[in-house]
Number of protein chains: 2
Amino acid sequence: MLVDGSDIGQRSETVRRANLSAIARGLHERGPLSRSDLVAATGLTRSAIRSLVGELASAGFVTEEGAVRLGTPGRPSPLVRPDPVSATVLALEILVDSIAASIVGFGGVQLEHVRQDRPRLQLNVDDVVADLATMAADLRARAGTPIVGVGVAVAGVVRRSDGLVSMGPNLGWVDVPLGARLDRVLGIRAPLVVTNDADAGVLAEHRRGAAEGTDDVLFVSGEVGVGGGAIVGGRPLTGAAGYGGEIGHLPVNPDGAACRCGATGCWETEVGEGVLLARAGLAPDAGSAGVDAVLRAADAGDEQALAALAHVGRWLGIGLGGLVNVLTPRLIILGGLHGRIHPYVRDALQAELGRRALPAPRALVSVVPATLGDDAPLVGAAELAFEPLLADPAAWFGRRGAMHLASA
Amino acid sequence: MLVDGSDIGQRSETVRRANLSAIARGLHERGPLSRSDLVAATGLTRSAIRSLVGELASAGFVTEEGAVRLGTPGRPSPLVRPDPVSATVLALEILVDSIAASIVGFGGVQLEHVRQDRPRLQLNVDDVVADLATMAADLRARAGTPIVGVGVAVAGVVRRSDGLVSMGPNLGWVDVPLGARLDRVLGIRAPLVVTNDADAGVLAEHRRGAAEGTDDVLFVSGEVGVGGGAIVGGRPLTGAAGYGGEIGHLPVNPDGAACRCGATGCWETEVGEGVLLARAGLAPDAGSAGVDAVLRAADAGDEQALAALAHVGRWLGIGLGGLVNVLTPRLIILGGLHGRIHPYVRDALQAELGRRALPAPRALVSVVPATLGDDAPLVGAAELAFEPLLADPAAWFGRRGAMHLASA
DNA sequence: CAAGGTTTGTGATCCTTTCGTCGAAATCTG
DNA sequence: CAGATTTCGACGAAAGGATCACAAACCTTG
């Protein structure tokens with residue numbers, strides 16, 4: 001019997017929560033701000049800001065530093081600095097050829113970081129979970145900070161609600177209850193959220209990368225498969241149940257090659273790593289080193305390599321054209337494989353994009369390579385893990401996150 | 001220097017606005033509710049509801065009726081009823097073969113309605129604008145109600161910010177400043193918003209049609225072209241600048257037929273009306289009557305008609321499969337042509353959809369025909385026009401909308 | 001028909017949170 | 001050093017919902 005679900009009745013306490021959240025979010029996303037910056041940013045009065053900042057400070061999340069004089073007249077405003085060790089999150093990443101973990105502090109500072117390259121095999125779930133748990137325990141011991149959330153980015157189709165990986169074609173996973181398993185093994189009493197690697201990637205680029213300040217973004221991340229994530233109107237595009245953005249399986253050539261998903265002619269079958277390698281005359285599973293070889297060959301003027309890149313570029317443009325018509329992003333970010341080959345495929349891509357996309361949306365969009373590299377999903381997972389804290393900082397005032405306890 | 005843009009500082013007056021908005025929206029979308037229903041719906045106290053409803057009542061937007069006894073123990077709660085004539089909107093629709101106008105009252109009641117069929121020609125902008133103005137003036141004179149907003153749905157690519165129709169292939173329009181022109185001609189001092197017909201359609205189905213209560217919806221409306229609109233996470237999918245959802249121009253067959261948009265192999269070229277008619281052996285411009293003929297022939301077992309329908313059904317499934325992977329809707333609504341042929345293409349569509357969509361999102365989605373018919377865009381335009389009122393009812397307390405004035 | 005239970009409306013008062021305004025403090029400029 | 005500028009800190013004011021007690025209206029039961 002809800003009127004709107006979110007538009008539920010508001011009370012004065014709601015206001016404080018929202019304002020506290022706005023301040024915490026501002027500090028987390030933009031770094032240290034003076035109190036007067038916060039006044040300007042929120043439109044609240046100095047009195048209100050003082051009270052709110054004071055609350056955050058006494059809870060330990062921020063510190064107030066003596067005013068820095070910056071040459072302007074008037075009494076200088078003290079700097080409010082998010083304290084990185086007051087609240088941290090654990091971010092985990094499961095990609096096709098590596099797993100990684102990091103601990104990120106409030107404000108976005110990476111405090112600890114480990115990456116473990118893995119042979120590109122079908123990764124055994126038990127091994128991955130166990131290894132991540134070890135890595136996490138190690139990092140936590142080193143950092144010694146309270147954990148307020150856990151974010152996991154995985155190369156697969158993920159149901160947000162419970163972290164079920166319904167399908168991870170490149171990992172060989174089917175219906176793996178990753179969220180539940182990690183939650184049990186890690187024993188961290190803080191919210192855990194699992195998401196698709198590209199969805200995490202676009203969040204990362206939006207918060208701390210090429211898409212800062214842009215509210216309509218499409219992120220395409222090509223590795224073995226092609227993943228995608230989007231920000232639409234400033235919020236992540238997650239469809240029902242939190243699946244969503246599987247743009248690699250857009251049918252672009254229905255009578256084309258068979259795809260690992262069972263269909264034929266998915267976008268992935270025209271722009272994936274395997275296609276590029278095969279068309280360049282290499283083994284489709286030559287991996288990252290193979291891609292390097294293709295690019296070197298192209299630099300040297302090798303016809304076959306250039307043709308392979310042209311093919312991928314053209315089909316990138318075709319698929320992106322369709323996606324531009326549907327989603328109208330202002331920015332398309334190419335990550336992973338496609339970020340690397342961007343300089344080589346740019347012209348073919350743009351030509352085809354110009355042909356496929358409708359003029360009006362076409363005029364708005366630009367295509368750029370990603371700026372965060374391999375760590376994008378990890379950064380995004382961390383950002384996602386911070387969400388509960390940022391949405392309602394007051395809820396964390398009592399408990400200082402999960403320290404070292406596994407019991408209820 | 002905004003912290004979030006929307007997450008701007010909140011104050012106590014924000015709370016009242018939000019609560020007033022929640023009540024107004026609840027009444028508009030659900031119809032009359034008792035005060036105790038509102039208490040349950042919003043989570044506010046009886047005192048608060050009393051005060052808020054009182055405010056709406058004294059502004060004239062709602063009336064309170066003597067309690068209806070419904071057999072349950074306890075004091076009966078008076079019914080709060082939105083007053084349809086207290087605030088109305090003007091909705092306009094420009095489709096390929098008809099234009100229409102209606103006046104819709106608060107609560108969603110259609111008070112006046114006119115539709116004018118037009119020969120399917122390139123519609124002259126001046127004529128359309130003039131005719132709509134006449135229709136609107138006529139309706140307004142008959143209704144005599146205050147207008148709080150104007151919504152326009154048009155079969156074209158629309159920039160929301162200013163109502164520019166950048167392209168209306170089936171109308172023969174290019175870069176028509178429809179919003180500005182209508183605003184000038186109508187002379188109504190109330191917000192005017194222009195939107196794509198399919199975007200309006202999905203909003204209508206979401207509020208008052210097949211998708212009530214479903215937060216992830218894809219609406220496909222086939223007429224001469226193929227339009228689309230989506231609701232994602234409860235909110236309309238409008239990309240940058242308010243373009244968006246042009247799913248008819250998804251490339252599904254890059255080496256296929258030429259599309260009116262200039263590209264080749266757009267979805268539209270496989271599932272549009274012209275394709276169905278041509279494959280059934282009729283003239284591609286036989287229009288609605290032609291479609292009827294095809295369906296009758298199919299009923300009679302005509303091979304060619306059945307094959308044509310099978311073709312469209314198959315390609316519908318292909319395109320929808322891709323869109324399911326990207327957007328993960330819970331419901332796909334087929335409107336216009338595709339709603340009419342749904343019974344005939346269902347099997348081919350489902351078969352192909354099952355093959356193209358990934359299992360997880362596939363399992364969530366169902367495909368149904370639209371329930372609102374030709375008026376869907378009109379209803380959606382009205383809903384959109386109500387948005388300013390619903391978002392902040394208090395802003396309308398003083399002025400009772402625009403009555404009959406054209407001056408500033 | 002009367003008594004008791006249940007639900008809701010009403011009004012007074014309290015609590016929370018922000019706003020507005022004051023004088024004081026800290027800095028730059030001339 | 002005086003003046004201008006900007007901010008701080010603190011106080012009371014204002015707004016709005018919550019709480020509580022009580023009355024009203026309905027049902028059920030004997």
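We use all heavy atoms of the structure for the numbers below, so side chains are in, but hydrogens, waters and symmetry mates are not. Letters A, B, ... mirror the listed sequences (proteins, then strands); counts begin at 1.
- Although no hydrogens or angles enter the test, the distance criterion places a donor-acceptor pair under 3.5 Å between the side chain of Thr88(B) and the main chain of Pro146(B).
- Atom-to-atom, CG of Leu44(A) to P of dG20(C) comes out at 11 Å; the value is rounded to the nearest Å.
- The interatomic distance linking Arg16(A) (CZ) with dA15(D) (C1') rounds to 16 Å, in whole Å.
- Between Arg35(A) and dT7(D) there is no side-chain N or O to OP1 or OP2 distance below 4.0 Å.
- Remark: Arg35(B) engages Glu64(B) in a salt bridge, criterion side-chain N to carboxylate O under 4.0 Å.
- By the 4.5 Å heavy-atom criterion applied to side chains, Val80(A) and Ser34(A) are not counted as neighbours.
- We find that Glu29(B) and Arg207(B) are joined by a salt bridge, their nearest charged nitrogen and carboxylate oxygen being less than 4.0 Å apart.
- Between Ser77(B) and dG9(C) there is a side-chain polar atom (N or O) within less than 4.0 angstrom of OP1 or OP2.
- Heavy-atom distances under 4.0 Å link DNA chain D to Arg50(A) of residues 48-57 of chain A, given in residue order.
- Rounded to whole Å, atom P of dT18(C) lies 13 Å from atom CD of Gln10(A).
- Both Val15(A) and Ser34(B) sit near DNA chain C, but only Ser34(B) has its closest nucleotide nearer the 5' end.
- When the side-chain nitrogen and oxygen atoms of Asn19(A) are compared with OP1 and OP2 of dT18(C), one or more of them lie within a distance under 4.0 Å.
- In this entry the distance linking CG of Leu79(A) with P of dC8(D) reads 12 Å, nearest Å.
- As judged by a 4.0 angstrom heavy-atom cut-off over every strand, Thr45(B) is placed among the base-contacting residues.
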Nucleotides 24-30 of chain D: protein proximity per nucleotide (B base, S sugar-phosphate only, - neither; heavy atom, under 4.0 Å): BBBS---
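- With sequence neighbours left out, the salt bridge (charged side-chain N to carboxylate O under 4.0 Å, His left out) criterion links Arg235(A) to no other residue.
- In this structure, the CZ atom of Arg17(A) is 10 Å from the P atom of dT17(C), given to the nearest Å.
- When rounded to the nearest whole Å, the span between CD of Glu13(A) and P of dT18(C) equals 12 Å.
- Ring geometry for His28(B) against Phe386(B) counts as tilted: the plane angle lies between 30° and 60°, on a 0 to 90° scale.
- The existence of a salt bridge linking Asp392(A) and Arg17(A) is confirmed by a sub-4.0 Å separation between a basic side-chain nitrogen and an acidic carboxylate oxygen.
- Using a 4.0 Å cut-off, no side-chain N or O of Ser47(B) falls inside it from OP1 or OP2 of dT19(D).
- One finds the CG atom of Leu372(A) at 10.0 Å from the CZ atom of Arg208(A) (value rounded to the nearest 0.5 Å).
- Distances shown here put every side-chain N or O of Arg46(B) at or beyond 4.0 Å from the OP1 or OP2 atom of dT10(C).
- In terms of modelled atom types and a separation under 3.5 Å, the side chain of Ser21(B) and the main chain of Leu390(B) share a donor-acceptor contact.
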